[in-house]
Q: 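I have a structure here, written as structure tokens, and I will follow up with some questions on it.
Fair warning: this is a prediction, and the values are worked out from it, not measured in the lab.
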Amino acid sequence: MYLSRFLSIHALWVTVSSVMQPYPLVWGHYDVCKTQIYTEEGKVWDYMACQPESTDMTKYLKVKLDPPDITCGDPPESFCAMGNPYMCNNECDASTPELAHPPELMFDFEGRHPSTFWQSATWKEYPKPLQVNITLSWSKTIELTDNIVITFESGRPDQMILEKSLDYGRTWQPYQYYATDCLDAFHMDPKSVKDLSQHSVLEIICTEEYSTGYSTNSKIIHFEIKDRFAFFAGPRLRNMASLYGQLDTTKKLRDFFTVTDLRIRLLRPAVGEIFVDELHLARYFYAISDIKVRGRCKCNLHATVCVYDNSKLTCECEHNTTGPDCGKCKKNYQGRPWSPGSYLPIPKGTANTCIPSISSIGTPPKFNRIWPNISSLEVSNPKQVAPKLALSTVSSVQVANHKRANVCDNELLHCQNGGTCHNNVRCLCPAAYTGILCEKLRCEEAGSCGSDSGQGAPPRGSPALLLLTMLLGTASPLVF
């Protein structure tokens, strides 16, 4: 009897788990830009926010080293094995494939033994600093979705800076400083990401956590993206709604995780002691076996596909948008200012589609839709691209061959924030929203918006979990 009861509860748990599992995935994907739905008037398009899948972005980058001749092997030279400064019979020779260590080996498939790696020339010109800039460029704005991971084949450097650019390398700003002694190297107190909070998540820190010097067991350096996400989404990133809400409303936070280029500045190799051993300078060099950068093309929530063609990444834009990042409205679709899509409300977001321009009203409508006369839209300047619709003027809109214009539809004049279009004459808005197209928070009109208003807050509990709790509560204890 007890075994059958156990099996029944186990089956119930499997069922509930399968119901609960999709929630974080649905919240995190936004992998459909539009879908067809059935209404009283037939099949129509329902638009939603969308973005490409996260992927390995090192497949699409270009790498540049400065100085350009810093890679070892031209001329050939010997170097010492890591951890043994007196075993200096290893050779780097650019003319021999088996002995060459070019930059592309930082991004090839790992898992082979011995591992492949890029290597710099040794510190033979000491005391002149041995410094290298490694620049990774995408010629496209990308959004980082996971930790940046750099695996060294040599000891991790004593001093290093990770930098980012948002303007294709014209200007740079630091992402994070790394040093064995932050105070001595950069005049900064050492910190780790664990010392940050929601309010200080954008702080640029110096960490000593990844700079243990010349050690065979310590090869990896991280720039922690997920730990920063966790300040908003929780330790296991289950509350993605909270993170997406912050990304929607805080431009500085969005920009923090957005780059066009990354630059690794290697400033001082792993020394391992207080003083440099000038008799064995061949033991000091940089070697990197792998760099991991995961992210997605930034398409402003207007595309799910990013195409790599002719060594260039480009979003395949939806929602009548165009441009490399879907950052503007198409020609003849500038009836209101361009806007990025929104992650909210969960789980579909808001597409913020571009709508036809006023200037195209007189032409035959391509999609058999009706567009208002400019004189009825309270537009004082005919070039204005954001007409203000008033309910009292909609009924007087005059268009050739039609008696009345559509206030909304499910193709171009899309109700926002989860609203639905009723008979093309008005949007039925969720309780928290108002406006012609449900574009305004109701609390804004009342002047009561705030952290306690609860607008847009995700549900706190899962109905499936509550059901399981109640069922388990009625069951007797299992005895074996």
Side-chain angles (χ1 to χ4, degrees), residues 51-52 54-66 103 106-107 118 131-152 156-157 159-179 182 185-186 188 191-193 195-196 198 200-207 209-211 220-232 243 246-247 250-267 286 288 290-300 306 312-313 315 324-325 327 340:
Q51 63 188 4
S54 175
T55 187
D56 176 9
M57 298 305 297
T58 61
K59 296 183 289 186
Y60 311 111
L61 60 76
K62 293 179 182 177
V63 59
K64 175 186 174 185
L65 270 59
D66 184 31
M106 291 186 279
F107 312 104
W118 163 81
Q131 298 183 346
V132 185
N133 287 345
I134 303 173
T135 303
L136 315 179
S137 301
W138 283 272
S139 299
K140 170 79 179 73
T141 310
I142 66 169
E143 297 168 331
L144 301 175
T145 58
D146 206 339
N147 296 351
I148 298 170
V149 183
I150 307 170
T151 305
F152 284 83
R156 296 182 293 192
Q159 297 175 15
M160 186 189 104
I161 307 174
L162 179 65
E163 296 178 326
K164 61 171 284 189
S165 175
L166 270 170
D167 54 11
Y168 306 97
R170 286 187 286 273
T171 60
W172 295 91
Q173 51 190 293
Y175 238 168
Q176 192 151 295
Y177 294 87
Y178 302 82
C182 285
F186 301 116
M188 299 171 69
K191 286 187 178 182
S192 70
V193 174
D195 298 320
L196 303 178
Q198 281 192 13
S200 60
V201 67
L202 304 184
E203 181 182 341
I204 308 303
I205 64 172
C206 178
T207 181
E209 189 174 353
Y210 303 110
S211 302
I220 295 175
I221 282 180
H222 285 262
F223 178 70
E224 301 93 338
I225 297 290
K226 283 193 170 179
D227 285 351
R228 288 172 166 86
F229 285 167
F231 287 122
F232 305 100
L243 173 63
Q246 292 293 330
L247 292 171
T250 312
K251 183 178 185 300
K252 286 184 178 180
L253 187 65
R254 287 199 309 273
D255 288 349
F256 186 82
F257 300 112
T258 304
V259 304
T260 57
D261 307 76
L262 291 170
R263 185 163 69 183
I264 303 164
R265 295 184 60 198
L266 306 172
L267 302 179
Y286 305 106
I288 296 177
D290 191 46
I291 298 177
K292 285 186 169 62
V293 182
R294 287 194 67 84
R296 63 169 61 92
C297 290
K298 179 180 179 179
C299 301
N300 285 296
C306 193
K312 188 175 181 181
L313 286 165
C315 300
D325 300 345

Q: Nearest 0.5 Å please: distance from the CG atom of L247 over to the CZ atom of F229.
A: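 L247 atom CG to F229 atom CZ measures 6.5 Å (nearest 0.5 Å).
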Q: To the closest 0.5 Å, what do you measure between NZ (K164) and CG (L144)?
A: 7.5 Å
Q: Compare every heavy atom of T258 with every heavy atom of L166, then report the nearest pair and how far apart it is.
A: CD2-O, 3.2 Å
Q: Taking the side chain from Y177 and the backbone from Q159, do they hold a donor-acceptor pair closer than 3.5 Å?
A: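 Checked: no pair found.
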Q: Kindly confirm or rule out an SG-SG distance below 2.5 Å between C306 and C299.
A: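 A disulfide is absent here, as the SG pair of C306 and C299 is separated by 2.5 Å or more.
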Q: Hey, what do you get for CZ (F152) to CD1 (I221), rounding to the nearest 0.5 Å?
A: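 The distance works out to 4.5 Å.
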Q: Could you check whether any side-chain heavy atom of I150 comes within less than 4.5 Å of a side-chain heavy atom of M160, counting everything from C-beta outward?
A: yes
Q: Can you give me the closest heavy-atom contact between N133 and R265, atom names plus distance?
A: OD1-CG, 3.2 Å
Q: Between T250 and F232, is there a side-chain heavy-atom distance shorter than 4.5 Å?
A: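 No, every pair of side-chain atoms sits at 4.5 Å or beyond.
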Q: Determine yes or no for a side-chain-to-main-chain donor-acceptor pair under 3.5 angstrom, with R263 supplying the side chain and E163 the backbone.
A: no
Q: Are any non-hydrogen side-chain atoms of W172 and D261 less than 4.5 angstrom apart?
A: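 The answer is yes; the side chains approach within 4.5 Å.
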Q: Does the side-chain contact (heavy atoms from CB on, under 4.5 Å) test come out yes or no for D227 and H222, once each step is laid out?
A: CA-CA 11 Å; D227 285 351; H222 285 262; over 6 Å; no
Q: Restricting to non-hydrogen atoms, name the atom on I220 and the atom on R156 that form the minimum distance, rounded to 0.1 Å.
A: O-NH1, 2.5 Å
Q: Taking all atoms of both residues into account, what is the closest heavy-atom pair of S165 and G169, and its distance?
A: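 In terms of heavy atoms, the two residues are closest at OG-N, 2.9 Å.
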Q: Working to the nearest 0.5 angstrom, can you tell me the gap between E224 CD and L196 CG?
A: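 Those atoms lie 9.0 Å apart.
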Q: Let me confirm one number: the CG-OG distance from L262 to S137, rounded to the nearest 0.5 Å.
A: 9.0 Å
Q: Testing the basics here: between I204 and F256, what is the closest heavy-atom pair and its distance to 0.1 Å?
A: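 Distance-wise, the nearest heavy atoms are CD1-CE1, 4.2 Å.
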Q: With a 4.5 Å cut-off on side-chain heavy atoms, are D56 and F107 touching?
A: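 When only atoms from C-beta onward are counted, D56 and F107 do not touch, as no gap falls below 4.5 Å.
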Q: Using the rule given for salt bridge (charged side-chain N to carboxylate O under 4.0 Å, His left out), can you reason through D66 versus K64, listing the C-alpha separation, both sets of side-chain angles and the distance that settles it, and then say yes or no?
A: CA-CA 7 Å; D66 184 31; K64 175 186 174 185; over 6 Å; no
Q: Report yes if some heavy atom in the side chain of Y175 is under 4.5 Å from a heavy atom in the side chain of V259; otherwise report no.
A: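 The answer is yes, as the side chains (C-beta and beyond) meet within the 4.5 Å cut-off.
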Q: So which heavy atom on T55 is nearest to which on K59, and how close?
A: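 What the structure gives for the nearest pair is OG1-NZ, 3.8 Å.
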Q: Just so I know, are the side chains of Y210 and F223 near enough to count as touching, which here means a heavy-atom distance under 4.5 Å?
A: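 When only atoms from C-beta onward are counted, F223 and Y210 do not touch, as no gap falls below 4.5 Å.
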Q: Evaluate the side-chain proximity of T145 to F257: yes if any heavy-atom separation is below 4.5 Å, no if none is.
A: no
Q: Quick one: CH2 on W118 to CD1 on I134, what's the gap to the nearest 0.5 Å?
A: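 These two atoms lie 4.5 Å from each other.
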Q: Do D146 and K226 sit within salt-bridge range, that is, some charged N less than 4.0 Å from a carboxylate O?
A: yes
Q: Tell me if a side-chain donor or acceptor on E143 pairs with a main-chain N or O of K298 at a distance below 3.5 Å.
A: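 No, E143 side chain to K298 backbone: no donor-acceptor pair under 3.5 Å.
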Q: Evaluate the side-chain proximity of K140 to C297: yes if any heavy-atom separation is below 4.5 Å, no if none is.
A: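 Result yes, sub-4.5 Å side-chain heavy-atom pair found.
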